[in-house]
Amino acid sequence: MTFLGCGYLGSTYAACFAELGYEVLGVDIDEAKIAKLSAGENPIHEPGLDELLKHNLESGRLKFTTSYAEAAEFGDVHFICVDTPQRADGEAADLSYVESVVTTLAPHLTRRTLIVGKSTVPVGTANWVEELACKHAPDGVDVQIAWSPEFLREGFACEDVLRPNRVVFGVKSDWARQMLYASHKALFELAATEDREVPVVVTDYATAELVKVAANAFLATKISFINAMAEVCEAAGADVTLLAKSIGYDSRIGNKFLRAGIGFGGGCLPKDIRAFQARAQEIGAGEALRFLHEVDLVNQRRRNRVLALAADLLDRPLGPAGPDLAGVRIAVLGAAFKPNTDDVRNSPGLAVAKALAKANADIVIYDPEATKNARRELPDVEYVASLAEAVTGADLTCVVTAWDEFRRADPNAIGELASARRIIDGMNCLDHVSWIAAGWDYRGMGRPIL
């Protein structure tokens, strides 16, 4: 099998399926990326991926190439794993990378082949890909399409590939279904040895395409719901963490994704809910997803709340253009959009840092893994290599990514280094009682001032 596109998605799947015993070829047009992967150098931070990559390169089951001719000769099943970013001219998904891999691969095909989409796409894409593949493949070559969406969580991606909580096969033919089962046979066998079951949902193209975007829309809605409740709690003097805990005991609601904070980010949820709205509008169902616009607005609004809290803690006026924080040194703890990754795409924490810098504060950022990527997004601030360096001399500390290192930090030791014991817990991830006991002026998101 081949994985077309060796970014976060493709490189993770390639290494994991090689670990399951398959012969795997990763394909990407980026020569520098392929050279690094071929040398066992992982360009992204994902726990466990380095070891899987090196182990399977050494075993010979995993190889990488820039040649689509080589991929066509090698593979019986080709997985599309390219990015589908938001279009520059609107909210819809940009499918140019999907189009490129299909039209580049198809002319080289010489035998019956299955092309499987894993990228998150608007409903209707699989039919379009089928038309593209048939148009560009040589006469007489049978090319079939399937869609099997990915459900990876950054920071847990390897585990999610090897031990998925479900797989979805969107197919039109029995042969395509059989090929997908064969491609996942080792995954099912691993589950059997561990006394687990992997539910398989076999469905049509459209349903398979909708599964991922519907799941992301639901999760985004749940996050924005609790953040909207945080706004109400702030106005009413209530505590959103206790509110979330109380409603989370209801099994119909559950406690996951109910931690109020500065909102969601990353390469999936923000652009996927916008693309979902755009596609719904195109197919005449725009009214059904109107609520997602408010979900997006709530999410963006929570980032600005940190500015208001900073102004309050620092006793600076909050005017129409925001506060003037000139002369204030602020330690921003975090840059990645979530812990256990170096991904800063649509990072709420980095957005907060930008806003604080725009308010004329002197910003110093520390993140355990994401500094290199953060520098490219926000180059004109100071970056340091440790938590201690970041907080030394800080007038205000802001926790914007819930890394364990920050959650477990000693408030007394940190207080000895900071110029002032003021802290904004943008993720509600700290033990606020211990920080307050250590003399910190603490502000959480949607929590009363204690």
Side-chain angles (χ1 to χ4, degrees), residues 215-266 269-270 273-274 276-277 287-323 334 337-338 346-349 351-352 355-356 359 396-402 407 422-433 435-436 440-450:
N216 281 352
F218 183 84
L219 295 177
T221 300
K222 196 170 182 182
I223 296 168
S224 281
F225 169 81
I226 200 61
N227 280 328
M229 291 303 101
E231 294 181 12
V232 175
C233 286
E234 287 166 355
D239 189 330
V240 75
T241 63
L242 297 178
L243 174 66
K245 183 177 181 180
S246 298
I247 66 176
Y249 282 121
D250 188 327
S251 60
R252 297 169 300 175
I253 297 173
N255 58 14
K256 292 184 177 180
F257 285 80
L258 282 182
R259 186 173 67 189
I262 55 176
F264 56 80
L269 293 190
I273 64 169
R274 293 166 191 159
F276 199 9
Q277 293 174 76
E287 291 295 316
L289 297 185
R290 184 179 292 238
F291 72 95
L292 287 180
H293 179 63
E294 184 59 32
V295 167
D296 201 6
L297 290 178
V298 171
N299 191 55
Q300 297 301 316
R301 197 159 60 235
R302 293 311 291 165
R303 304 176 185 193
N304 295 330
R305 179 60 181 155
V306 175
L307 276 177
L309 291 173
D312 178 51
L313 278 168
L314 296 165
D315 198 24
R316 297 291 179 96
L318 184 63
F337 86 94
K338 63 181 287 189
N346 288 300
S347 167
V352 166
L356 292 170
L396 172 66
T397 300
C398 297
V399 179
V400 295
T401 310
R407 294 172 57 246
R422 306 185 186 100
I423 191 161
I424 297 174
D425 182 4
M427 303 305 297
N428 284 348
C429 63
L430 304 179
D431 178 3
H432 68 292
V433 173
W435 284 81
I436 293 170
W440 286 80
D441 196 350
Y442 171 94
R443 296 291 187 277
M445 307 299 285
R447 310 186 78 168
I449 299 173
L450 300 177

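In what follows, every heavy atom counts, from backbone to side chain, and hydrogens, waters and symmetry copies are set aside.
- Note that CZ of R447 and CG of D239 are 5.0 Å apart. Values are rounded to the nearest 0.5 Å.
- A side-chain donor-acceptor contact under 3.5 Å links N346 to the backbone of G266.
- Considering all non-hydrogen atoms of both residues, I262 and G349 come closest at CD1-N, 3.7 Å.
- Under the side-chain contact (heavy atoms from CB on, under 4.5 Å) rule, V400 has a single partner from L356, V306, V352, which is V352.
- A distance of 5.5 Å separates OH of Y442 from CG of L430, quoted to the nearest 0.5 Å.
- In this structure, the side chain of E294 does not engage the main chain of R290 through any donor-acceptor pair within 3.5 Å.
- Side chain of K338 to main chain of F264: no donor-acceptor pair is present (N/O by atom type, distance under 3.5 Å, no hydrogens or angles).
- Scanning both residues, A230 and R302, for their nearest heavy atoms gives CB-NH2, 3.8 Å.
- In the displayed structure, D250 atom CG is contacted under 6.0 Å by more than 12 heavy atoms of other residues, nucleotides or ligands.
- K245 contributes atom NZ, which lies 8.5 Å from atom OG1 of T241 (distance to the nearest 0.5 angstrom).
- At most 12 non-hydrogen atoms from other residues, nucleotides or ligands lie less than 6.0 angstrom from CZ of F218.
- Nearest approach of P323 to A311, heavy atoms of both residues: CB-CB, 3.8 Å.
- Remark: the backbone N or O of G261 is paired with a side-chain donor or acceptor of N227 at under 3.5 angstrom.
- Atom CD1 of I423 and atom NE2 of H432 lie 13.0 Å apart (nearest 0.5 Å).
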Audit row: I273, N299, side-chain contact (heavy atoms from CB on, under 4.5 Å) steps and yes/no:
CA-CA 12 Å; I273 64 169; N299 191 55; over 6 Å; no

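- In this structure, CG on D431 lies 10.0 Å from CH2 on W435, to the nearest 0.5 angstrom.
- Considering all non-hydrogen atoms of both residues, N428 and A260 come closest at ND2-O, 3.3 Å.
- The shortest non-hydrogen separation linking L258 to G248 is CD1-CA, 4.2 Å.
- In this structure, D312 CG and R422 CZ are separated by 10.5 Å, a value rounded to the nearest 0.5 Å.
- No option in L309, I226, V240 other than L309 meets the side-chain contact (heavy atoms from CB on, under 4.5 Å) test with M445.
- Listed for the R259 side chain is a donor-acceptor partner under 3.5 Å among the backbone atoms of M427.
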